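Heads up, the thing below is written out as structure tokens.
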Amino acid sequence: MRYTDYFLPTLKETPADAEVVSHQLMLRAGMIRKNAAGVYSYLPLGLKVIRKVEEIVREEMNRAGAIECLMPVANPAELWQESGRWDYYGKELLRFKDRHGRDFCMGPTHEEIITDIVRSHVKSYRQLPVNLYQIQTKFRDEVRPRFGLMRGREFIMKDAYSFDTTEEGANTSYHKMREAYCRIFERCGLKYRMVEADSGAIGGSFSHEFMVLAETGEDVVISCDSCSYSANIEKALVVDRGERATAALNPVERVVTKGAHTVADVSKMLNLDPAQIVKTMIVMVDETPVAVLIRGDHELNLAKIKNLLGASVSELATVEQIEKVTGGPVGFSGPVGLKLPIYADNAVKYLRNMGVGGNEKDIHLEGVNLERDFSVTRFADLRNAAAGDPCPHCGGRYVNTRGIEVGHIFKLGTKYSEAMKATFLDAEGKSKDIIMGCYGIGIGRTAAASIEQNHDEHGMIWPLPLAPFQVQVVVLNPKDDAVRTAGEELYRQLLENKVEVLLDDRDERPGIKFKDADLIGVPLRVTVGARGVAEGTVELKERAGGEQSVVPMADIVSRLKQQIDAALAS
RNA sequence: CGGAGCGUAGCGCAGCCUGGUAGCGCGCCUGGUUUGGGACCAGGAUGUCGGAGGUUCGAAUCCUCUCGCUCCGACCA
């Protein structure tokens with residue numbers, strides 16, 4: 001591609017509304033353009049990268065035996081009503097009506113559609129297993145879209161769905177996808193981790209997330225420093241371990257704690273270690289309030305309480321709800337005398353003489369003890385894992401890092417097949433529910449994650465497999481005939497050798513061309529200038545390492561081919 | 001959903017408090033000089049000041065409503 005024929009509007013300044021590096025650079029490099037909050041156009045350069053990611057995903061899905069199809073963006077409401085998600089999915093589901101007043105939604109994921117397709121064509125165990133996938137635009141009306149392609153409302157996703165007759169078969173399908181995912185992210189040149197995850201709104205029995213490690217990641221990844229265990233913080237197990245305190249039981253004492261809302265305040269006022277204070281959090285679990293006790297120095301994990309109770313939604317109660325059920329204001333809730341089911345994190349059972357809220361304004365209680373002063377419905381692992389916690393699988397310690405979730409695979413089981421009656425007849429002629437799995441990859445997010453992981457102060461640094469162009473030829477002075485001719489000739493030869501090349505043939509000053517080249521981050525840059533042309537040489541510079549070398553004109557094409565082939569082979 | 005902030009030229013911003021009919025830098029167009037890391041000189045074009053209503057002789061500026069966008073929070077016990 002010739003720069004002068006291309007559409008590549010780069011920006012010198014960083015647009016004000018971009019916060020993270022990948023978003024800023026994509027805007028500056030003219031890869032994307034925002035049309036509304038969380039809704040973007042892919043400009044030519046951006047689309048090239050998207051296509052690269054798609055192609056790697058497609059190749060690996062095909063290799064793993066999945067078959068490509070394409071489903072509609074507009075989904076009829078009936079299927080969503082049948083699965084129960086029309087009501088359950090909430091405001092994230094963008095709904096609309098057609099001219100006849102029929103309800104539709106923009107597909108945020110396609111379990112309903114694919115299950116409908118499969119149930120109507122699959123009748124016999126002989127037709128299974130099958131795994132169908134698509135690469136398609138999804139729409140989720142996110143509460144807060146942000147960070148460019150990282151969390152858009154409209155985004156491109158690869159979603160695959162497997163259908164099996166047996167548990168073993170379903171596990172095999174899951175395993176194949178897992179392998180395929182590892183290959184995909186390796187081929188993309190990303191540093192990633194596969195972690196155990198909570199299955200969230202999609203549902204199902206177990207799942208793994210693929211996290212690209214980056215500071216700006218929205219997810220916290222817990223991993224063990226000595227074994228391979230890794231999990232999303234929502235899922236990471238906390239070992240139930242401790243020694244029951246032996247201190248004598250103190251009497252309960254009412255203490256005035258004026259204005260003390262936080263554990264830190266209370267700790268100071270009562271002169272108690274935060275680990276001796278117990279927070280009482282009121283949580284609405286499927287609209288029913290429950291109390292959850294967490295040690296003052298720990299953090300509540302809403303996903304864990306939700307899963308413990310087999311609920312579908314858990315959220316912190318509002319100020320009004322708290323006052324209604326505890327009789328006291330926010331910040332002063334406590335378990336004593338509370339008429340709610342009380343769930344407590346395991347750590348609480350080892351405490352004696354706790355400090356808790358008094359369920360009235362400016363009052364806390366000291367010397368509170370289990371059984372004597374209140375009883376707990378059930379103890380469980382209800383807190384977030386933290387750095388330094390022991391690993392449940394070995395003697396190691398947890399460390400935490402941040403990650404960007406680029407892929408997520410779920411073993412669904414029969415959740416959708418049961419609800420939507422997707423059954424098959426087995427060898428004995430008995431009707432059974434099909435066992436499903438589903439597997440997603442955020443295509444745009446993967447591209448953005450790559451930028452988060454690979455950039456410097458000058459711009460993006462594309463790994464060859466994702467690069468929009470493999471080589472950029474910078475012709476320093478196109479008005480000089482010898483230089484221009486040399487550049488054109490090199491361009492022609494590269495095209496002939498199927499190298500993806502961008503020829504910067506603009507009549508601009510060198511500085512502008514170099515700055516743009518660094519911004520766009522094409523891995524291999526060849527500079528054709530008057531000095532080199534006179535000697536029959538060009539300069540080769542790698543964007544990643546910055547290595548620069550002078551190469552005879554005669555060797556440059558084979559040298560580039562060699563480097564590209566080597567990078568793509570791995 | 002709660003909180004905060006911002007909408008003025010393609011981009012980045014100033015002007016608003018204290019009302020008088022819009023400006024700076026970059027970019028863009030023309031001509032010239034330049035040409036190995038975002039050049040210089042001269043000339044030029046570009047705005048329903050997000051929208052609607054109100055106050056006023058007069059509104060980018062004050063008031064009301066509205067739309068859009070961004071950030072933070074949703075861990076508060």
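Naming: A, B, ... by sequence-line order, numbering from 1 per chain. No experiment lies behind these values; they were computed from the predicted model shown.
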Summary of side-chain hydrogen bond (donor to acceptor under 3.5 Å, both in side chains) pairs that have at least one residue in residues 214-223 of chain A, sequence neighbours excluded: A:Arg146-A:Glu218, A:Arg151-A:Glu218, A:Thr216-A:Glu452

Distance, C1' atom - from B:rA60 to B:rA42, rounded to whole angstrom: 32 Å

Partner nucleotide, any strand, of B:rU64 [Watson-Crick/G-U, under 3.5 Å]: B:rA52

C1' spacing across the pair B:rC62 / B:rG3, given as an integer number of angstrom: 26 Å

Contacts of type side chain to side chain contact (heavy atoms under 4.5 Å, CB included), residue A:Thr10, not counting sequence neighbours: A:Tyr3, A:Leu8, A:Asp516, A:Leu519

Pairwise C1' distance, B:rG54 and B:rA14 [rounded to whole Å]: 28 Å

Close side-chain approach of A:Leu149 and A:His23, heavy atoms under 4.5 Å: no

Identified pairing partner of B:rC24, criterion: Watson-Crick or G-U wobble below 3.5 Å: B:rG12

Sugar-phosphate only, base, or nothing, as touched by A:Ile277 at under 4.0 Å among non-hydrogen atoms: nothing

Atom pair distance, as rounded to whole Å: CD in A:Glu13 and C1' in B:rC24: 12 Å

Nearest-Å distance once atom C1' is located in both B:rU48 and B:rU21: 14 Å

Where protein sits on nucleotides 69-74 of chain B, one letter per nucleotide: B base, S sugar-phosphate only, - none, heavy atoms under 4.0 Å: SSBB-B

Sugar-phosphate only, base, or nothing, as touched by A:Ser333 at under 4.0 Å among non-hydrogen atoms: sugar-phosphate

Distance-minimising heavy-atom pair for A:Ile282 and A:Pro289: CG2-CB, 4.3 Å

Could you pull out all donor-acceptor pairs under 3.5 Å where a side-chain atom in residues 296-305 of chain A meets a protein atom, sequence neighbours excluded?
residue  : atom : partner  : partner atom : Å
A:Asp297 : OD1  : A:Arg295 : NE           : 2.8
A:Asp297 : OD2  : A:Arg295 : NH2          : 2.9
A:His298 : ND1  : A:Arg383 : NE           : 3.3
A:His298 : NE2  : A:Arg295 : NH2          : 3.3
A:Glu299 : OE1  : A:Asn384 : ND2          : 3.1
A:Asn301 : OD1  : A:Ala303 : N            : 2.9
A:Asn301 : OD1  : A:Lys304 : N            : 2.9
A:Asn301 : ND2  : A:Ile233 : O            : 3.2
A:Asn301 : ND2  : A:Glu234 : O            : 3.2
A:Asn301 : ND2  : A:Asn384 : OD1          : 2.9
A:Lys304 : NZ   : A:Ala236 : O            : 2.8
A:Lys304 : NZ   : A:Asp381 : OD1          : 3.1
A:Lys304 : NZ   : A:Asp381 : OD2          : 3.2
A:Lys304 : NZ   : A:Arg383 : O            : 2.7

Atom pair distance, as rounded to whole Å: CE in A:Met284 and C1' in B:rC1: 15 Å

Atom C1', compared across B:rC71 and B:rG27: separation rounded to whole Å: 28 Å

Distance between P atoms of B:rA52 and B:rU61 (Å, rounded): 12 Å

Sugar-phosphate only, base, or nothing, as touched by A:Ile322 at under 4.0 Å among non-hydrogen atoms: base

Contact pattern, 5' to 3', of nucleotides 30-39 of chain B - B, S or - by protein heavy atom under 4.0 Å: ----BBBBBB

Geometric cation-pi criterion, A:Lys349 with A:Phe379: 6.0 Å, 45°: yes

Separation of the C1' atoms in B:rU46 and B:rG23, to the nearest angstrom: 14 Å

Heavy-atom side-chain proximity of A:Leu293 to A:Tyr343 below 4.5 angstrom: no

Partner set under ring-ring contact (aromatic ring centres under 6.0 Å, His included) for A:Trp462, not counting sequence neighbours: none

